[in-house]
Number of protein chains: 2
Amino acid sequence: MHSPKRILFLDLVLSIFRLNGLLIAEGDALTEKLGLTHARWKVIGAIALSNAGLTVPGVARVLGQSRQAVQRITDVMVVDGLLAYQRNPKHKRSVLITLTEEGNHVYNMLREQQDPWVMENTQEIPIEELDQTLRLIRRLINKFDK
Amino acid sequence: MHSPKRILFLDLVLSIFRLNGLLIAEGDALTEKLGLTHARWKVIGAIALSNAGLTVPGVARVLGQSRQAVQRITDVMVVDGLLAYQRNPKHKRSVLITLTEEGNHVYNMLREQQDPWVMENTQEIPIEELDQTLRLIRRLINKFDK
DNA sequence: AGTACAATGACAACATGCTGACATAGTGAA
DNA sequence: TTCACTATGTCAGCATGTTGTCATTGTACT
């Protein structure tokens, strides 16, 4: 049972855990000057990328997290003036999340940090390898996301 | 600046976050009957795989976590009778962690759950793809782990 | 329309990760 | 040997994730 594939897969699982931790640390370092954290980085990114406007459960679905976890983050970000809740014509209670002017400004500054970071960490990696890896990761996500 | 590579990389980062969350859920489901959690699964695995015996900071280094986080888990596992602290001939205060008889039993049962799980989730995936992916993940880990 | 089921907000309990701080133990160089 | 630096255990505070529960709102089917 100690097939190479088994070892390889368990190794991959542990490496995902490891990389996840390192990416969180990178995210925190990257956003520290902006008064953000990795969790807020994920949320502000999801909202900035949405055209139609997202609700709290909508962000949770995009990020694959519980709506409660997202709600806690967005509540704080609204208090901090980065996000605002807007009336949702489609739902009496479930409001839409939008970026405030300050939120937009922070997101733009975030981009200025993020873009060189991405460049730095991908320039030596062929695009085909990134693509293959992303495809396998997605395949595993689909397998587990039921 | 919206190069395909940039999009691809950010997509990969988000997918790592996503897969990490799903793997934690899988780990929790897999170990629930054994009274474990994903965090204890990682720790018990690290200790079972070590031949020479590990200290708390040793496990932390293997897993790439803070020693404080590992200490908290092992303290509980010692109380629960899965682990035991043993005198370390090389250090007066930093004890070695060993599996108790019960800990060994739980680890074996864990393997009985884990092996079919690994089989089920890898049988359709060529070993070369797993290998390529692991290599890229490792490459990123090395990049961020300074 | 009415009614069952799903989605949402709100609150709580808990697990797990991080960092910081402090005292003690170990190590290596002068 | 002595002294500076590193490693370790311990305690605390905090951020973030999970699940569970309950009341309310939306949706879809009869």
Side-chain angles (χ1 to χ4, degrees), chain A residues 16-29 31-32 35-44 46 53-80 85-97 144-145, chain B residues 16-32 35-44 46 53-61 63-80 85-97 144-145:
Chain A
I16 296 288
F17 287 152
R18 185 92 189 77
L19 182 54
N20 181 76
L22 289 168
L23 285 174
I24 286 175
E26 288 285 312
D28 282 337
T31 58
E32 190 182 13
L36 295 177
T37 61
H38 69 275
R40 296 171 201 198
W41 172 48
K42 289 194 290 184
V43 169
I44 206 173
L54 283 175
T55 61
V56 166
V59 173
R61 279 185 291 265
V62 169
L63 298 180
Q65 290 184 341
S66 70
R67 63 202 165 81
Q68 294 91 331
V70 173
Q71 183 91 56
R72 182 160 47 190
I73 304 290
T74 57
D75 283 350
V76 173
M77 290 178 78
V78 166
V79 170
D80 289 352
Y85 292 140
Q86 242 181 12
R87 285 210 53 212
N88 185 354
K90 295 182 183 173
H91 199 294
K92 193 183 292 182
R93 291 196 323 173
S94 192
V95 294
L96 294 175
I97 312 170
F144 295 130
D145 189 15
Chain B
I16 295 288
F17 287 151
R18 185 93 188 75
L19 181 54
N20 180 75
L22 288 169
L23 285 174
I24 286 175
E26 288 285 311
D28 281 339
L30 213 53
T31 59
E32 191 182 13
L36 295 177
T37 61
H38 70 277
R40 296 173 198 197
W41 171 51
K42 288 194 290 185
V43 169
I44 207 172
L54 284 175
T55 62
V56 167
V59 173
R61 280 185 291 265
L63 297 180
Q65 290 184 342
S66 72
R67 62 202 165 80
Q68 294 94 329
V70 173
Q71 183 91 57
R72 183 161 45 186
I73 304 289
T74 58
D75 282 351
V76 174
M77 289 176 79
V78 166
V79 170
D80 289 352
Y85 292 139
Q86 242 182 11
R87 285 210 54 212
N88 186 350
K90 295 181 182 172
H91 200 293
K92 193 183 293 183
R93 292 196 322 174
S94 194
V95 294
L96 294 176
I97 313 171
F144 295 130
D145 189 15

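Order of the sequence lines sets the chain letters (A, B, ...), proteins ahead of strands, with each chain counted from 1.
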### Query
Which sits closer to the 5' end of DNA chain D, A:Ile73 or B:Ala25, going by the nucleotide each is nearest to?
A:Ile73
### Message
On DNA chain D, does the nearest nucleotide to B:Gly58 precede the nearest nucleotide to B:Gln68 from the 5' side, or the other way round? Give the residue.
### Response
B:Gly58
### Task
Working to the nearest 0.5 Å, report the span between CD1 of B:Ile73 and CG of B:Leu63.
10.0 Å
## Note on the structure
dist B:Arg40:CZ -> B:Lys42:NZ (nearest 0.5 Å) comes out at 13.0 Å
For atom [atom1] of [X] and atom [atom2] of [N], their distance in whole Å:
| X | N | atom1 | atom2 | answer |
| --- | --- | --- | --- | --- |
| B:Phe17 | D:dG17 | CZ | P | 9 Å |
| B:Gln65 | C:dG17 | CD | P | 4 Å |
| B:Asn20 | D:dT18 | CG | C1' | 13 Å |
| B:Asp75 | D:dT10 | CG | P | 7 Å |
| B:Gln71 | D:dT8 | CD | P | 11 Å |
| A:Asn88 | D:dG26 | CG | C1' | 12 Å |
| A:Tyr85 | C:dT8 | OH | P | 14 Å |
| A:Lys90 | C:dT8 | NZ | C1' | 16 Å |

At less than 4.0 Å, is any side-chain N or O atom of [X] found next to OP1 or OP2 of [N]? Yes or no.
| X | N | value |
| --- | --- | --- |
| A:Ser94 | C:dG9 | yes |
| B:Arg93 | C:dA23 | no |
| B:Arg18 | D:dG17 | no |
| A:Lys42 | D:dG17 | yes |
| B:Arg67 | C:dT19 | no |
| B:Ser66 | C:dT19 | no |
| A:Arg72 | D:dT18 | no |

### Task
Have a look at B:Val95 and say if it touches a base, only the backbone sugar-phosphate, or nothing, with a 4.0 Å heavy-atom cut-off.
sugar-phosphate
### Query
Under 4.0 angstrom, heavy atoms only, what part of the nucleic acid is A:Ala39 near: base, sugar-phosphate, or nothing?
sugar-phosphate
### Task
Carefully, step by step, assess B:His91 and B:Thr55 under the rule side chain to side chain contact (heavy atoms under 4.5 Å, CB included).
CA-CA 10 Å; B:His91 200 293; B:Thr55 62; over 6 Å; no
### Exam field: side chain A:Asp28 to backbone A:His38, donor-acceptor pair closer than 3.5 Å
yes
### Query
Is there side-chain contact between A:Trp41 and A:Ile24, with at least one heavy-atom pair below 4.5 Å?
no
